[in-house]
Asks: 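Below is the structure I would like to discuss, written out as C-alpha cells.
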Amino acid sequence: MGLTGSILRKKQFVSFKETKTISIKILLSLGYNVRSWNEDFTGKNYCSISVQKNDASWFIMYIYRKENLADEHNFSHISSDLTRVIDIEDISEVEDMVLNFLKEYFKYYPNDYFDNEHDWYYTKADIDTAFKSNNYYKWCYETTNKNL
C-alpha cells in the first residue's frame, strides 16, 4: 500500500453534497472515469468513488458526509478546527492524477489543506508551486520547511 492523503477543511464549512458534486465535476473535466458506489450510506459516513485514467492508473476517494470528531486531534499540527472531507487512498503511481485533481480542487476551496500520512501538509500555494515546476511525481514526497 502506498502513500495516502486527506483533504481537510474547517468544520463549519463542510458540505458533503457540494464537495461530492464539485469533486466529480473536476475529475470528469480531467478526463478521468468516475464510478461511485454505496450511495445509500447504510451504516456509512462516506461515499466511495473509484477514479480511473486507464487500466493501470486509478485510485479510490472517500468523501465524508460529516465531520469526524477524532479529527480534532489528528490534524492539530495544522489547526484544531479541521476535519477530513476527502481521503485519497494509495497515491503511489498516480501522483500526477492527484496533483492535477488538487490543482483544480483548490480553485474551489483555496483555504483547504492536503495532508499526507507523513503529516506533511500542502496549501493551495504549495500545490500551485508543484504544478508549475512540473513536479508531477515527486511533489507528495517532499515538504517545505514551513510545514515541519
Side-chain angles (χ1 to χ4, degrees), residues 1-11 13-68 70-71 74-75 77-78 82-148:
M1 176 79 70
L3 185 69
T4 61
S6 299
I7 296 176
L8 313 173
R9 183 175 304 144
K10 291 189 182 275
K11 293 175 186 175
F13 300 120
V14 172
S15 169
F16 165 75
K17 185 175 180 178
E18 179 182 281
T19 302
K20 181 181 175 198
T21 299
I22 289 172
S23 295
I24 290 173
K25 176 182 174 179
I26 292 167
L27 293 165
L28 292 173
S29 75
L30 292 169
Y32 302 158
N33 296 315
V34 176
R35 193 183 102 212
S36 69
W37 62 92
N38 76 352
E39 288 294 328
D40 65 356
F41 297 110
T42 305
K44 304 282 188 209
N45 184 33
Y46 59 85
C47 170
S48 302
I49 298 177
S50 173
V51 181
Q52 188 173 12
K53 184 164 91 174
N54 56 46
D55 289 341
S57 299
W58 61 275
F59 61 89
I60 296 176
M61 277 180 136
Y62 301 94
I63 301 177
Y64 293 94
R65 289 177 45 191
K66 58 185 179 179
E67 71 181 71
N68 181 343
D71 285 346
N74 290 339
F75 305 112
H77 62 284
I78 304 170
L82 296 174
T83 193
R84 220 180 308 242
V85 290
I86 297 175
D87 274 338
I88 301 175
E89 187 176 281
D90 200 0
I91 296 169
S92 302
E93 307 299 322
V94 292
E95 298 91 359
D96 62 326
M97 289 176 66
V98 174
L99 181 63
N100 284 319
F101 170 75
L102 291 172
K103 171 80 167 111
E104 297 304 313
Y105 174 89
F106 278 119
K107 290 178 183 177
Y108 291 92
Y109 301 107
N111 297 314
D112 284 6
Y113 298 88
F114 180 76
D115 182 74
N116 70 26
E117 64 190 52
H118 298 300
D119 287 337
W120 295 342
Y121 67 91
Y122 306 84
T123 63
K124 179 185 184 315
D126 297 325
I127 296 299
D128 287 344
T129 299
F131 192 83
K132 288 176 188 170
S133 69
N134 294 321
N135 191 1
Y136 292 106
Y137 294 96
K138 295 181 183 177
W139 69 272
C140 57
Y141 305 107
E142 300 171 347
T143 188
T144 61
N145 289 332
K146 71 178 180 110
N147 294 340
L148 295 176

Asks: Apply side-chain contact (heavy atoms from CB on, under 4.5 Å) to the pair Ile7 and Arg84, showing each step before the final yes or no.
Replies: CA-CA 6 Å; Ile7 296 176; Arg84 220 180 308 242; over 6 Å; no
Asks: I would like to know whether Asp96 and Tyr137 meet side-chain contact (heavy atoms from CB on, under 4.5 Å); could you show each step before the answer?
Replies: CA-CA 6 Å; Asp96 62 326; Tyr137 294 96; 3.2 Å; yes
Asks: With a 4.5 Å heavy-atom cut-off, do Thr123 and Tyr113 have their side chains touching?
Replies: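 Heavy-atom side-chain distance check passes, below 4.5 Å.
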Asks: What's the separation between atom CD1 in Ile24 and atom OG in Ser29, rounded to the nearest 0.5 Å?
Replies: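 Reported value, rounded in 0.5 Å steps: 12.0 Å.
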Asks: Report the distance from atom CZ of Phe131 to atom CD of Glu104, rounding to the nearest 0.5 Å.
Replies: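 These two atoms lie 7.0 Å from each other.
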Asks: Would you mind telling me which of Asp112, Thr19, Asn100 makes a side chain to side chain donor-acceptor pair (under 3.5 Å) with Tyr105?
Replies: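 Result: among Asp112, Thr19, Asn100, Asp112 is the only option passing the side chain to side chain donor-acceptor pair (under 3.5 Å) with Tyr105.
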Asks: Taking C-beta and beyond as the side chain, do Tyr109 and Ile22 meet within less than 4.5 Å on heavy atoms?
Replies: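 With C-beta onward as the side chain, the pair touches.
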Asks: Going by atom types only, do Tyr64 and Asp87 share a side-chain donor-acceptor pair under 3.5 Å?
Replies: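 Yes, a side-chain donor-acceptor pair sits under 3.5 Å.
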Asks: For the residue pair Lys11 and Leu82, what are the closest heavy atoms and their distance?
Replies: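 Scanning both residues, the minimum pair turns out to be CE-O, 3.7 Å.
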Asks: Side-chain contact, heavy-atom cut-off 4.5 Å: Lys25 with Tyr108?
Replies: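 With C-beta onward as the side chain, the pair touches.
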Asks: Under 3.5 Å, is there a donor-acceptor pair between the side chain of Trp139 and the main chain of Glu95?
Replies: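 Such a contact is found between Trp139 side chain and Glu95 backbone.
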Asks: To the nearest 0.5 angstrom, please state how far the CZ atom of Phe59 sits from the CG atom of Leu27.
Replies: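 Phe59 CZ to Leu27 CG: 5.5 Å, rounded to 0.5 Å.
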Asks: Where is the tightest heavy-atom contact between Cys47 and Lys20, given as atom of each residue plus distance?
Replies: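 Minimum heavy-atom contact is SG-CE, 3.9 Å.
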Asks: In this structure, which one of Ile88, Asp90, Ile127 forms a side chain to side chain contact (heavy atoms under 4.5 Å, CB included) with Val98?
Replies: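 By the side chain to side chain contact (heavy atoms under 4.5 Å, CB included) criterion, Val98 pairs with just one of Ile88, Asp90, Ile127: Ile88.
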Asks: Please check if the side chain of Asn116 supplies one atom and the backbone of Leu3 the other of a donor-acceptor pair under 3.5 Å.
Replies: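 Absent.
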Asks: List the atom of Met97, the atom of Tyr32, and the distance in Å for their closest heavy-atom pair.
Replies: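 Scanning both residues, the minimum pair turns out to be CA-OH, 3.1 Å.
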Asks: Check whether any side-chain heavy atom of Phe101 sits under 4.5 Å from a side-chain heavy atom of Ser23, and report yes or no.
Replies: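 Yes, their side chains come closer than 4.5 Å.
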Asks: To the nearest 0.5 Å, tell me how far Ile63 CD1 sits from Glu18 CD.
Replies: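 With rounding to 0.5 Å, CD1 (Ile63) is 11.5 Å from CD (Glu18).
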Asks: Taking all heavy atoms of Thr4 and all of Ile91, pick out the closest pair and write down the distance.
Replies: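 Looking at all heavy atoms of both residues, the closest pair is C-CD1, 3.9 Å.
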Asks: Might you point out which heavy atoms bring Gly5 and Phe114 nearest each other, and give the distance in Å?
Replies: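 For Gly5 and Phe114, the tightest heavy-atom pair comes out as CA-CZ, 3.7 Å.
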Asks: Is it true that the side chains of Thr129 and Asp126 contain a donor and an acceptor less than 3.5 Å apart?
Replies: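 Asp126 and Thr129 do not have a side-chain donor-acceptor pair below 3.5 Å.
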Asks: Looking only at heavy atoms, what is the nearest atom pair of Glu89 and Tyr62, with distance?
Replies: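 Scanning both residues, the minimum pair turns out to be OE1-OH, 3.1 Å.
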